[in-house]
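Written below as structure tokens is the structure these notes are about.
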Amino acid sequence: MERKMYFEQVYDVVRSVPIGRVTTYGAIADYLALGSARMVGWALRNMSAQFDGDVPAHRVVNRLGELSGRHQFPTPEYMQLMLEQEGVKVENDRVVDFKGRFWHPGEGMDNG
DNA sequence: CAGCTGACGCATA
DNA sequence: GTATGCGCCAGCT
């Protein structure tokens, strides 16, 4: 790989999301200062459709904390189950106390 | 190059 | 809350 594809960079951010926290597409896009929230979803989808595994895509939700990407998982409840088993409560396909669970890329990082 | 798509986000009515 | 329109930009056909 001479150069990282856009999604490669998205993985790096998503993997940086701590357990029990969630982030948004817009936040990732803004952090990378590339593309747009739409690109993040696009990237995650490629990841989930090609690599899947190391990247906790279930910690990425839309700006309202809605599990808008649950349909891409093996099952539409997989995403919620993952979040709940990490300590993130979910109701009506939305993260409970989303504002409190929100994590911004770079938070807690002082290297870079 | 042109046309279509998509796990978004914001403004409008 | 629901529906519509625009901006965004990589990837596929």
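All of these numbers come straight from a predicted model, not from anything done at the bench. In the text below, chain A, chain B and the rest are named by the order of the sequence lines, each starting its count at 1. Side chains are part of it too, since the values below use all heavy atoms of this structure and drop only hydrogens, waters and symmetry mates.
- Listed nucleotides C:dG11, C:dG7, B:dG9 differ in distance to A:Ser36; the shortest reach to its side chain belongs to C:dG7.
- For residues 69-98 of chain A, proximity to DNA chain B is found at A:Gly69, A:Gln72, A:Phe73, defined as any non-hydrogen atom under 4.0 angstrom from a strand atom.
- Ring orientation note: the planes of A:Phe73 and A:Tyr78 are close to parallel, at an angle under 30° on the 30°/60° scale.
- Of the candidate nucleotides B:dG9, C:dG11, B:dA7, C:dG11 has the atom nearest to the side chain of A:Trp42.
- At a cut-off of 3.5 angstrom, the base of B:dA7 holds at least one donor-acceptor pair with the side chain of A:Tyr25.
- The distance between atom CD of A:Glu8 and atom C1' of C:dG11, rounded to the nearest whole Å, is 15 Å.
- Listed for the A:Thr23 side chain is a donor-acceptor partner under 3.5 Å among the backbone atoms of A:Trp103.
- Looking at A:Arg101, its side chain does come within 3.5 Å of a backbone N or O of A:Gly20 through a donor-acceptor pair.
- With rounding to whole Å, A:Ile28 atom CD1 is found 17 Å from C:dA10 atom P.
- For the pair A:Leu34 CG and B:dC8 P, the interatomic distance rounds to 19 Å; values are reported in whole Å.
- A:Met39 has its CE atom 13 Å from the C1' atom of C:dG7, to the nearest Å.
- Side-chain to base pairing of A:Arg38 with B:dG6: one donor and one acceptor N or O lie within less than 3.5 Å of each other.
- For A:Gln85, the CD atom is densely surrounded, since the number of other residues' heavy atoms within 6.0 Å is greater than 12.
- Checking side-chain atoms of A:Asn92 against main-chain N and O of A:Arg94 turns up no donor-acceptor pair under 3.5 Å.
- Atom CZ of A:Arg59 sits about 4.0 Å away from atom CD of A:Glu86, to the nearest 0.5 Å.
- Within the 4.0 angstrom heavy-atom criterion, base atoms lie near A:Ala57.
- At whole-Å resolution of the value, CZ in A:Arg45 and P in C:dC9 are 20 Å apart.
- The interatomic distance linking A:His58 (NE2) with B:dA7 (P) rounds to 19 Å, in whole Å.
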